[in-house]
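First listed ligand is number 1; within each ligand, the first listed atom is number 1.
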Amino acid sequence: MKNASEFLSFSAEVAAARAAGTPIVALESTIISHGMPYPQNVQTAREVEAIIREGGAVPATIAVLGGKIRIGLSDEELELLGQSPEALKVSRRDLPYVLASGKIGATTVAATMICAALADIRVFVTGGIGGVHRGAETSFDISADLQELAQTSVAVVCAGAKSILDIGLTLEYLETHGVPVLSIGQDNFAAFYTPDSGFKADFRIDSAAEQAAFLQTKWALGLAGGVVISNPVPAEAAMPREEIERITAQALQEAASQGINGKAVTPFLLARIKALTEGRSLATNIALVKNNARAGASLAVALNRRC
Ligand code: PSU
Ligand code: MN
């Protein structure tokens, strides 16, 4: 039998960081393949990696290629993920399939957390997490990201969750599963395109050093599982709340009338929101991911100092 480490393959940069004890920040790849259009997706991925390096950490973008979990990608590999229509959206249940078949896989928050934990990386930066979808009481559509947060010990820096989701129910679900939700710079949980979801996060912790202390304490106690760190989009890059609400409602309506279901729901909604805002949502999306990269690099550096 193989063990997990035989599936891991590190880029030279990440391997060197591991050897030297340099802080490492994981990045997901579904945001590249299914979350943003080409070429902005690849451009953003590169810029986010650069921000993490400037912050004193090493970026590790994670994907599945050639039957391996790749921890750290080359420019050509980012390009492949950004352009290939064959890249599969890979969550927990899809990982064995994409690895065993040798196909191209872009990892979601859930799958990236699994791979980061296997690679001993504790800090992961993304845009928004999946959650409980509106209407989940009949559709049962609850992202596997939430179950992963319940069990896999990785901190996820994000700009909250999109209002395509039922944010109140998402927070209830996280509470039930013992997942702490920290917030940076404000008391409330962020709503991706807008800074304020209207719901309180559990704890406001602004400094990276104190966030690191929180993580270290949780995991030292044997409380396995993830932590959501909500970092609101900067005000100057946010979208008007009424506009995003109106467009979200329209996108949800279209998804329902076209019978979109399963793993296609989130990419469909993201693409429709982008189209309906004539690309303005994309600028917000890019700005918030970069903002998260700064926070994630600081956190990885602070956590590294404590360990
Ligand atoms: N939310 C976003 N942008 C994204 C995603 C979610 O605002 O790109 C992606 C992430 O990869 C996340 C996944 O893990 O969608 C969740 O998909 P689902 O809802 O099918 O679990
Ligand atoms: Mn779903």
Original post:
Does an N or O from Thr108, backbone or side chain, lie closer than 3.5 Å to an N or O of ligand 1?
Top reply: no
Original post:
Hey, is ligand 1 close enough to Val109 that some N/O pair sits below 3.5 Å?
Top reply: yes
Original post:
Are Glu245 and Arg134 within salt-bridge range, i.e. N to O under 4.0 Å?
Top reply: yes
To the nearest 0.1 Å, how far is [atom] from its closest protein heavy atom, and which atom is that?
{"atom": "atom 13 (C) of ligand 1", "value": "Asp145 OD2, 4.1 Å"}
{"atom": "atom 11 (O) of ligand 1", "value": "Glu28 OE1, 2.6 Å"}
{"atom": "atom 9 (C) of ligand 1", "value": "Thr30 CG2, 4.2 Å"}
{"atom": "atom 17 (O) of ligand 1", "value": "Lys89 NZ, 3.1 Å"}
{"atom": "atom 8 (O) of ligand 1", "value": "Leu270 CD1, 3.6 Å"}

**OP:** Only pairs at least two apart or in different chains count here, so list each side-chain hydrogen bond (donor to acceptor under 3.5 Å, both in side chains) that has a residue in residues 218-241.
**Re:** Asn231-Asn292
Original post:
Heavy-atom contact under 4.0 Å between Met36 and ligand 1?
Top reply: no
**OP:** Could you list which atoms of ligand 1 come closer than 4.0 Å to a heavy atom of Phe192?
**Re:** 7 (O)
**OP:** Please check if any side-chain donor atom of Ser183 sits under 3.5 Å from a side-chain acceptor atom of Gln186, or the reverse.
**Re:** no
Subject >> Donor + acceptor pair across side chains of Thr107, Ser29 (<3.5 Å) >> reply: yes
**OP:** Considering just N/O/S atoms, say which atom of Asp141 is closest to the Mn ion (ligand 2).
**Re:** OD1
